[in-house]
Structures are given as structure tokens and as C-alpha cells.
Amino acid sequence: MPFNQPPPSLGNQYTDDRVLRSHLRRALPAQVLAEVESELEALGGQAGGELYRFQLADRLNEPVHTMWDAWGQRIDRIEVSPLWQRAERIASEQGLVATAYESRHGRYSRIHQFALVHLFTPATDVYSCPLAMTDGAARALVASGNKALIARAVPHLTSRDPAQFWTSGQWMTESTGGSDVGLSETVAKKDGDRWRLHGRKWFTSAATSQMALTLARPEGNAAGGKGLALFYVETRNAAGSLDRILVHRLKDKLGTRKVPTAELTLDGTPAWAVAGDSEGVRNIAPMLNVTRTWNSVSAVSYMRRGLALARDYARKRVAFGAPLAHKPLHADTLAGLQAEYEAGFQLAFLAVELLGRDESDGLDDASRELLRLVTPVAKLTTGRQSVQVLSEIVESFGGAGYVEDTGIPALLRDAQVFSIWEGTTNVLALDALRALQSGKALSALQVEVETLASAVRDTRLLDPAKAAQAALLHAQQWLGAAKGADVEAGARRFALTLGRGYALMLLCRQAQWCLDHEKDERPLFAAQRFAGNGVDLVGVEDVAAAARLANDD
Ligand SMILES: Cc1cc2nc3c(=O)[nH]c(=O)nc-3n(C[C@H](O)[C@H](O)[C@H](O)COP(=O)(O)OP(=O)(O)OC[C@H]3O[C@@H](n4cnc5c(N)ncnc54)[C@H](O)[C@@H]3O)c2cc1C
């Protein structure tokens, strides 16, 4: 018999995830945890069992766009893969969006919801994409105070009944710009008490959604972001056909192959203004804050999935006389990745916790400033981490990691999107600088970090805590000293230092708690290791040299 390589297998993705479980034990009151744990266990079982098998079997299925019917009618029908059809049902029934709005556990409801998201995302080949936008649309509509639209759409967006459940698109990017949306060319023309939109949207994921929030410029408005308004669109008319929307094609993408990302033309599409006829970029911000938080948790959840598979494989795969897990160098490699996961998890779930507190009890000024800063910083930090970690995960499988039908390459290809959509690393780094403009966010961060540092008692945690504080201080000093173009050029290294420094400090807090309450040293080892991976990326910049190097002249 030839030798066969042992495939990796997954256990219950909730009970096996020490990091998630111990975080919930610290962050949730015991009563709340007792109420939500059976749901998490059930979803964790599905994620590592039925859904994992489904993912492997569904690997080659992709969304199909049928432009014309047999009789020459333009239909633009999009059918998603069987896995995604199943994912939609699970998502509505298990309240992946609803949990946040039912608010059964007040400020803890977002933690409950995102624990579900953490289990769900890597098990459904990024069905989290339409869900993130659905959650974001519900949030933006609620924030707008538009009673008619809230009454019409929010009950659908937050429904647990698959027959009633709607997803929402977020149509911002045009070929003129995704980051620079102020360049948008879609025009809104008044038509009685509603509007009609004319233009082309260049990246529209969740192209099967029942509604979308989108940006367009009312005729006569000024150029730039302020002149755009936020519009609500229902994609289908009473007959069930797309309502003056043409789907040109689905994008042929590196990853997220199950996500139907379409190029659309809005050809007089009926639309309703969500909040006045300008300031659309400001009015869509609540949506982006939510989708960016989904992105942070999804990026972290991909790291966890990769590690779960790689760890299992390392126990089974024998090389040079022993399982890989027993080889010190292989173990060291996985330890470095685990540390990235643990730190990223803490940062992403801090954003979640602040969001939940903001929506329930409200935040004081300092914490609101912190939330404003942490949202882009967590997104950009975890987005970069996930690409690096998943690249190493592929390598940890050797040649098998490069072979499509193991399912491993898709993890890396999917992870690459987390640093692009919802704002690229650079664009979010500049956003983080904007968040600091009032000066209050940085002092809020400083107070937070000092409080966290003073709670660290175990002597083995003192060095990692000091490394975090030193990196954050260096970032602050750099910002104080940098001028003009230097600030912009260094923004990414600055923001990543904030993200990694803060993540390390939060990991120290978790490690101390685990030592005190669970006699578990592993988060301590993760903190030490993450500090060694490097947190201070500020460096010394030279704008002129960077420009010459970039342009090679
Ligand atoms: C799979 C997928 C699905 C998507 N789905 C949607 C969707 O549903 N809805 C939607 O609206 N959009 C969607 N997008 C679009 C996505 O949000 C944009 O691609 C992204 O925001 C970047 O915009 P862009 O493509 O115009 O890149 P650009 O803005 O042209 O950026 C190109 C490069 O320039 C950098 N850059 C840009 N501005 C600056 C600056 N000022 N300083 C320094 N560097 C800068 C960027 O970081 C990037 O590296 C999707 C994208 C992908 C890949």
C-alpha cells in the first residue's frame, strides 16, 4: 500500500478554542456566559463538523450569473453556491445579525454576537461579507433616525426567520475610486418624493441582496464627499425583477470566490434619501464602523482556522522520525503564529466590547474617542496579520498547503481581502490620524494603557508590558515631532505600532487574568512571544528617500 498523507481534521471550534473561551470567561458575567454557551457550542460543532465537510465538498462551486433567459429577456439572475445557501439559513436562524439588535444581554450583546461571527466566518467561506453589510445597514438606518426606512427595512435585516431575512449591499466603490469615494460619478435625480440613480458601481458584493445603501450625488451638488448623499435602494420591484439595475458581470477574483461581487449599472434605479441630500460619507460612517469590526473579527477567525488545521496536521505528519509537532523548530513557527492570533483577538474584541457599550449604556467622551481610534486600527492591524499568518500556515503544510483540494490555499486567498476591502491598510492609517486630530483619543489610549500596565503583576509579564508601553510612547513621540509630508509617509508604521502595541498590552491583561483565575500560562507565553515578534514599527522615515526608492529614480 502506498503511504497516504493524513488529512487535518477539526474538532468543535468553540470547545477547542482556548482563546475565545477564556476571553468570554473574563469579559462576560458568569450568568450571561451560561446563557449563551450552548449556542456557541452548537455552532462550534457545526463549524468543525458538518460545515467543514460541506466546505470541502462545495469547493469548486461558485456563484453563477445568468444574464439572459432562453427567450431573450435580460434577467441577471445570480445563484450562490449550496454552501452559501445553507449559510444564509444558519445566519438568520442563529441570529448572526439579530443578536446585536435583540440586545438580550445589553452591553454584552455585541460580544455574544461576535463570538458567533468568529465561529461562523471561516466555516462559510466568508458569508460574513453580506452579513457585515446587513448589520452595518441596520446600524446606519437606526443612526439616521429615518423612521419610515427603519420601519421598512430593519425588521428584515434583523430577522431570525429565513423567509423574512434580508441582506444588504454597500455600494460605494466606483471605477473612479474606492478609497477616494468623493470622486463618485453616480448622479441622483429627483423624481417626486423619491430619487432615481444613474451611474456605475464597480465592486458590489452581496449582489443577491434585497436592498443596499449607496452613495450618489444629487444633481447640482458640489463635487467631493460632502456633495454625496446616502440612498436606500430596494433591488427588486414588485414583480421580483431587478429594478433598473443591470449586472454586467461577476468579478473573477483572487479569493472570496463564493462572494458574488458584481459590476452594476444603476439605470434610473428608484432610491430614497436616508438622511438629507448631502453629507452621505458622514451618514454612511456608522455602517463602516460596523463592517470594519466584522472585518477585524473575521481576520482573526481565519488565523484561528488556519492554526486549528495546522496544529492537527503537525500532530499527524511524521518527518525525520517524529510528528512535526515534536520538532522544536516547527513548534516554534506555530507558536509565533499563535501569538499573533492571541494578540489580534484581544484587539478585535476590544473594538467589539466598545461598540457594544456604545450602543447600550453609551460611552463617555474618552471611551468614544477610543472607539473611533480603535475601529480602524484594529481593522488594519488584524488585516495585515491574517495575510502573514495564513501565508505561514500554507507553508506549514509543505506541498499539501499549495494544493487546492486540501482546501488550504483558499484560506490565504480569502485572507488577502481583509486588508483591502472596508479600507486598505494605508487608507485606514490615514483615518487613524484623523481620529487623533482632537488630541483626546491619544490621551484616552494613554490612560487605558497605564491602567492596564498597572494591573500586570506577574514578573514574567513586566517585560512584554514595558515593550508595549515603549512602542506606544515611541509612536506618540514620533507623531509629536513629525511634520508635513513625514506624518503622511509614516502613518502606516505609526498606526501598526499603535495596533500591535495596544494588542500586546491587552494580551498582558488577559495573561494576568488567566494566571490568576485559570492557572494557565499559555497567554503569558503568547505575550512574551508577540513582544518578540515586534511591536514597534515606527522606524525612521525619510520621505525624500522613500519617494526615490518607490519610483526607483
Ligand atoms: C472582493 C472585494 C469585494 C468588494 N466589495 C465591495 C462592496 O461590496 N462595496 C464596495 O463599495 N466596495 C467593495 N470593494 C471595493 C473595496 O472597498 C475597494 O477596492 C477598496 O476600498 C480600495 O479602493 P480602490 O480599489 O479604489 O483602490 P485605490 O483607492 O485605488 O487604492 C490603491 C492603492 O493605493 C493606496 N492608497 C489609496 N489612497 C492612498 C493615500 N491617500 N495614501 C496612501 N496610499 C493610498 C491604497 O492603500 C492601495 O494600496 C470590494 C473589493 C474587493 C477586493
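Whatever order the structure lists ligands and atoms in, that order sets their numbers, starting from 1.
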- Any atoms of ligand 1 less than 4.0 Å from a non-hydrogen atom of Met172? List them with their elements.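 Those of ligand 1 that fall under 4.0 Å from Met172 are 10 (C), 11 (O).
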
- Counting each atom of ligand 1 from 1 as listed, which ones have a heavy atom of Lys253 under 4.0 Å away?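 Listed by number with element, the hits are 1 (C).
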
- Query: So, does Thr256 sit close enough to ligand 1 that a heavy atom of it is under 4.0 Å from the ligand?
  - Reply: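 Thr256: in contact with ligand 1 (<4.0 Å).
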
- Query: Is there a heavy atom in Gly177 that sits closer than 4.0 Å to ligand 1?
  - Reply: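 Flag set, Gly177 near ligand 1.
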
- Message: With no hydrogens and no angle check, just 3.5 Å: does a side-chain donor-acceptor pair link His248 and Thr265?
- Response: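 The criterion, which ignores hydrogens and geometry beyond distance, is satisfied for Thr265 and His248.
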
Any protein heavy atom under 4.0 Å from [atom]?
| atom | value |
| --- | --- |
| atom 46 (C) of ligand 1 | yes |
| atom 40 (C) of ligand 1 | yes |
| atom 30 (O) of ligand 1 | no |

- Just one of Leu242, Thr66, Thr208, Val247 clears the side-chain contact (heavy atoms from CB on, under 4.5 Å) bar with Arg77, so which one?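 Answer after filtering Leu242, Thr66, Thr208, Val247: Thr66.
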
- Take Lys379 and Asp431, measure what salt bridge (charged side-chain N to carboxylate O under 4.0 Å, His left out) needs, and give me the verdict at the end. CA-CA 11 Å; Lys379 194 282 187 185; Asp431 188 51; over 6 Å; no

- Short question: side chain of Arg217, backbone of Gly182 - any donor-acceptor pair under 3.5 Å?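 The answer is yes, because a donor-acceptor pair under 3.5 Å joins these two groups.
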
- Please check if the side chain of Asn551 supplies one atom and the backbone of Ala547 the other of a donor-acceptor pair under 3.5 Å.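 Side chain of Asn551 to backbone of Ala547, a donor-acceptor pair under 3.5 Å: yes, one is there.
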
- For ligand 1, is there an N or O atom under 3.5 Å from any N or O atom of Thr204?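 Looking only at distances, the answer is no, because the N/O contact criterion of under 3.5 Å is not met.
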
- Taking N or O atoms only and a 3.5 Å limit, does Met133 qualify as a polar contact for ligand 1?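 Min N/O separation from ligand 1 is not below 3.5 Å for Met133.
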
- Query: Which bit of Lys201 is near ligand 1, meaning a heavy atom under 4.0 Å away: side chain, backbone, both or neither?
  - Reply: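 Neither part.
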
- Taking non-hydrogen atoms only, is Val417 closer than 4.0 angstrom to ligand 1 via side chain, backbone, both or neither?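 Val417 to ligand 1: side-chain contact only, backbone stays beyond 4.0 Å.
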
Starting from [atom], find the nearest protein heavy-atom neighbour and note its residue, name and distance.
| atom | result |
| --- | --- |
| atom 9 (N) of ligand 1 | Gln170 O, 2.7 Å |
| atom 42 (N) of ligand 1 | Leu430 CD1, 3.6 Å |
| atom 20 (C) of ligand 1 | Ile420 O, 3.7 Å |
| atom 8 (O) of ligand 1 | Ser205 N, 2.7 Å |
| atom 24 (P) of ligand 1 | Gly178 N, 3.7 Å |

- Look at the rings of Phe114 and Trp294 and say which category their plane angle falls in: under 30° parallel, 30 to 60° tilted, over 60° perpendicular.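 Aromatic pair Phe114/Trp294 classed perpendicular.
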
- Look at the aromatic rings of Phe345 and Phe349 and report parallel, tilted or perpendicular, splitting at 30° and 60°.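 Judged by the thresholds at 30° and 60°, the geometry between Phe345 and Phe349 is parallel.
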
- Query: Can a cation-pi geometry be assigned to Lys258 and Tyr127, taking NZ or CZ under 6.0 Å from the six-membered ring centre and within 45° of the ring axis?
  - Reply: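 Negative - Lys258 is either too far from the ring of Tyr127 or too far off its axis.
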
Taking the minimum heavy-atom distance to [atom], which of [options] ranks first?
| atom | options | answer |
| --- | --- | --- |
| atom 10 (C) of ligand 1 | Trp421, Trp171, Phe203 | Phe203 |
| atom 37 (C) of ligand 1 | Leu428, Val427, Leu213, Val259 | Val427 |
| atom 48 (C) of ligand 1 | Thr424, Thr261, Asn426, Thr173 | Thr424 |
| atom 27 (O) of ligand 1 | Ser175, Ser179, Cys129, Ser419 | Ser179 |

- Task: Among Asp252, Asp58, Asp414, find the one that has a salt bridge (charged side-chain N to carboxylate O under 4.0 Å, His left out) with Arg257.
- Result: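 The single option meeting the salt bridge (charged side-chain N to carboxylate O under 4.0 Å, His left out) with Arg257 is Asp252.
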
- For Lys201, which of Glu174, Glu185, Glu263 qualifies under salt bridge (charged side-chain N to carboxylate O under 4.0 Å, His left out)?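 Result for salt bridge (charged side-chain N to carboxylate O under 4.0 Å, His left out) with Lys201: Glu174.
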
- If you take all heavy atoms of Ala153 and Leu141, which pair is closest and at what distance?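 Looking at all heavy atoms of both residues, the shortest contact is CB-CD1, 3.8 Å.
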
- Near Asp552 CG, under 6.0 Å, is it more than 12 heavy atoms from other residues, nucleotides or ligands?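 It does not: Asp552 CG has 12 such atoms or fewer within range.
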
